[in-house]
**Student:** 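Would you mind keeping the following structure in view while I ask a few things?
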Amino acid sequence: MILRKATLEDIPTIQEIAEEAWRPTYGYILTEEQTLYMIPMMYNTELISSQIELFSMLEVDAKAIGYCAFEKISETEGKLHKLYLRPSLKQKGAGTFIINEISHQARALGLESIILNVNKYNSAVDFYLKKGFTKDREMILDIGNGYVMDDYVMRLTL
């Protein structure tokens with residue numbers, strides 16, 4: 001597995017993986033209407049283009065199997081904005097690989113911790129807890145159209 005910086009040419013693959021991953025991940029949490037609102041809001045080409053420097057692609061044998069988006073947000077903290085895998089590849093070490101790589105990058109930047117937001121009802125909460133993250137606080141974020149994101153903010157101390 002390799003985690004490489006994404007390029008503009010990766011945008012269709014990022015969008016494809018998001019489409020594949022969202023319903024298995026959030027189908028029991030979000031309504032289809034909310035999913036149809038959020039995917040275009042969060043994964044439109046213009047938005048991803050403006051954020052492409054934050055994205056990395058996870059590849060096995062030159063085939064993209066997932067992506068993440070990470071940035072330094074202060075002198076001591078980084079934020080993992082996104083981490084998604086093709087559903088068929090969950091629980092095969094890919095998520096752990098990404099967390100380890102991002103942790104390594106964060107330490108190289110001199111950061112002391114990584115935070116992320118995760119839906120309170122997402123099974124990924126257990127994954128992050130197993131990787132050493134702790135629940136820092138709860139956050140309800142209004143995303144428009146009558147929808148909210150009901151999240152934990154989790155922190156990994158490096």
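Here the structure is a predicted model, which is why all the values come from computation and not from measurement.
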**Student:** Suppose we screen for ring pair (Phe, Tyr, Trp, His ring centres under 6.0 Å). Which residues come up paired with Phe133, at least two apart in sequence or across chains?
**Tutor:**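 Scan of Phe133 (ring pair (Phe, Tyr, Trp, His ring centres under 6.0 Å), adjacent residues dropped) gives Tyr128.
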**Student:** How far does OG of Ser74 sit from CG of Leu111, to the nearest 0.5 angstrom?
**Tutor:** 7.0 Å
**Student:** Partners of Glu53 by side chain to side chain donor-acceptor pair (under 3.5 Å), sequence neighbours excluded?
**Tutor:** none
**Student:** As an exercise, state the distance from NE2 of His104 to CG of Asn100, rounded to the nearest 0.5 Å.
**Tutor:**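 Atom-to-atom, His104:NE2 and Asn100:CG are 10.5 Å apart.
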**Student:** Taking all non-hydrogen atoms of both residues, which atom of Ala106 and which atom of Phe70 are closest, and how far apart?
**Tutor:** CB-CZ, 3.9 Å
**Student:** Between Leu156 and Ile115, is there a side-chain heavy-atom distance shorter than 4.5 Å?
**Tutor:** no
**Student:** Check whether more than 12 heavy atoms from other residues, nucleotides or ligands sit under 6.0 Å from atom CG of Asp61, and answer yes or no.
**Tutor:**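 No.
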**Student:** Minimum heavy-atom separation for Asp142 to Gly144, with atom names?
**Tutor:** OD1-N, 2.8 Å
**Student:** State, to 0.1 Å, how close Ala64 and Met57 come at their nearest heavy-atom pair, and which atoms those are.
**Tutor:**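 Heavy atoms of Ala64 and Met57 come nearest at CB-CE, 3.9 Å.
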**Student:** Using the test side-chain contact (heavy atoms from CB on, under 4.5 Å), find all partners of Glu75 that sit at least two apart in sequence or belong to another chain.
**Tutor:**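 For Glu75 the side-chain contact (heavy atoms from CB on, under 4.5 Å) partners, ignoring immediate neighbours, are Lys72.
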**Student:** Do the side chain of Thr134 and the main chain of Asp136 share a donor and acceptor less than 3.5 angstrom apart?
**Tutor:** no
**Student:** Are Phe55 and Asp10 close enough, and set up right, to give a side-chain contact (heavy atoms from CB on, under 4.5 Å), and what steps lead you there?
**Tutor:** CA-CA 9 Å; Phe55 280 81; Asp10 292 311; over 6 Å; no
**Student:** For the residue pair Lys5 and Ser56, what are the closest heavy atoms and their distance?
**Tutor:** CD-OG, 3.9 Å
**Student:** Heavy atoms only: give me the nearest Leu85-Gly95 pair and the separation to one decimal.
**Tutor:** CD1-N, 3.7 Å
**Student:** Going through the checks in order, is the side-chain contact (heavy atoms from CB on, under 4.5 Å) test met by Glu71 and His81?
**Tutor:** CA-CA 8 Å; Glu71 75 174 317; His81 293 282; 2.8 Å; yes
**Student:** With Met154, which of Ile114, Leu116, Asn117 fulfils side-chain contact (heavy atoms from CB on, under 4.5 Å)?
**Tutor:**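 Of all the options given, the one that passes is Leu116.
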**Student:** Quick check: is Leu36 connected to Met42 through a chain of hydrophobic side chains (ILVMFWY, heavy atoms under 4.5 Å apart)?
**Tutor:**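 Different clusters: Met42 never reaches Leu36 through Ile, Leu, Val, Met, Phe, Trp or Tyr contacts under 4.5 Å.
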**Student:** Determine the minimum heavy-atom distance between Ile140 and Asp150, stating which atoms define it.
**Tutor:**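 Result for this residue pair: CG1-OD1, 3.5 Å.
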**Student:** For Leu47 and Ser50, what are the C-alpha separation, side-chain angles and deciding distance, and is it a side-chain contact (heavy atoms from CB on, under 4.5 Å)?
**Tutor:** CA-CA 5 Å; Leu47 180 63; Ser50 71; 4.0 Å; yes
**Student:** Give the C-alpha distance, both sets of side-chain angles, the deciding distance and a yes or no for side-chain contact (heavy atoms from CB on, under 4.5 Å) between Ser103 and Leu158.
**Tutor:** CA-CA 7 Å; Ser103 296; Leu158 301 172; 3.9 Å; yes
**Student:** May I ask you to test the Ile102-Ile98 pair for a side-chain heavy-atom distance under 4.5 Å?
**Tutor:**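 Ile102 vs Ile98: side chains touch.
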**Student:** Just by modelled atom types, is the Tyr121 backbone N or O under 3.5 Å from a matching donor or acceptor in the Asn119 side chain?
**Tutor:**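 Answer holds: yes.
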**Student:** Hey, quick one: are Leu83 and Leu54 part of the same hydrophobic cluster, counting side-chain heavy atoms closer than 4.5 Å, chains of contacts allowed?
**Tutor:** no
**Student:** Not counting sequence neighbours, which residues clear side chain to side chain donor-acceptor pair (under 3.5 Å) with Lys131? List them please.
**Tutor:**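 Result, side chain to side chain donor-acceptor pair (under 3.5 Å) vs Lys131: Thr96.
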**Student:** Is Phe127 reachable from Tyr84 through a run of I, L, V, M, F, W or Y residues, each pair having side-chain heavy atoms under 4.5 Å apart?
**Tutor:** no
**Student:** Drop me the distance from Ile29's CD1 to Thr35's OG1, to the nearest 0.5 angstrom.
**Tutor:**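 With rounding to 0.5 Å, CD1 (Ile29) is 9.5 Å from OG1 (Thr35).
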**Student:** Got Ser113 and Thr76 here, is their nearest side-chain heavy-atom distance under 4.5 Å?
**Tutor:**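 Heavy-atom side-chain distance check fails, nothing below 4.5 Å.
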**Student:** Answer yes or no: is there a donor N or O on one side and an acceptor on the other, between the side chain of Asn122 and the main chain of Val125, under 3.5 Å?
**Tutor:**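 Not a single qualifying donor-acceptor pair exists.
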**Student:** List the atom pairs, with distances to 0.1 Å, where a side-chain N or O of residues 14-22 and a protein N or O form a donor-acceptor pair under 3.5 Å, not counting sequence neighbours.
**Tutor:**
unit_1: Gln15; atom_1: NE2; unit_2: Tyr43; atom_2: O; d: 2.8
unit_1: Gln15; atom_1: NE2; unit_2: Thr45; atom_2: OG1; d: 3.0
unit_1: Glu16; atom_1: OE2; unit_2: Arg86; atom_2: NH1; d: 2.9
unit_1: Glu16; atom_1: OE2; unit_2: Arg86; atom_2: NH2; d: 2.9
unit_1: Glu19; atom_1: OE1; unit_2: Arg23; atom_2: NH1; d: 3.3
unit_1: Glu20; atom_1: OE1; unit_2: Arg86; atom_2: NH1; d: 3.4
unit_1: Glu20; atom_1: OE2; unit_2: Arg86; atom_2: NH1; d: 2.5

**Student:** Go through the structure and list residues passing ring pair (Phe, Tyr, Trp, His ring centres under 6.0 Å) with Tyr147, not counting sequence neighbours.
**Tutor:**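 Once residues adjacent in sequence are excluded, the partners of Tyr147 under the ring pair (Phe, Tyr, Trp, His ring centres under 6.0 Å) criterion are Tyr37.
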**Student:** In terms of hydrophobic clusters joined by side-chain contacts under 4.5 Å, are Tyr26 and Met41 together?
**Tutor:**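 Yes, Tyr26 connects to Met41 through the hydrophobic network.
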**Student:** Quick check for you: to the nearest 0.5 Å, what is the distance between Met38 atom CE and Glu33 atom CD?
**Tutor:** 13.5 Å
**Student:** Compare all side-chain heavy atoms of Glu77 with those of Lys79 and state whether any distance is below 4.5 angstrom.
**Tutor:** no
**Student:** Report the distance from atom SG of Cys68 to atom CG of Leu58, rounding to the nearest 0.5 Å.
**Tutor:**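 It is 8.0 Å, given to the nearest 0.5 Å.
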**Student:** Return the NZ to CG distance between Lys82 and Leu80, rounded to the nearest 0.5 Å.
**Tutor:** 10.0 Å
**Student:** Treating Ile, Leu, Val, Met, Phe, Trp and Tyr as nodes and any side-chain heavy-atom pair under 4.5 angstrom as an edge, say whether Val153 and Met149 lie in one connected cluster.
**Tutor:**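 No, it is not one cluster - the side chains of Val153 and Met149 are not joined through contacts under 4.5 Å.
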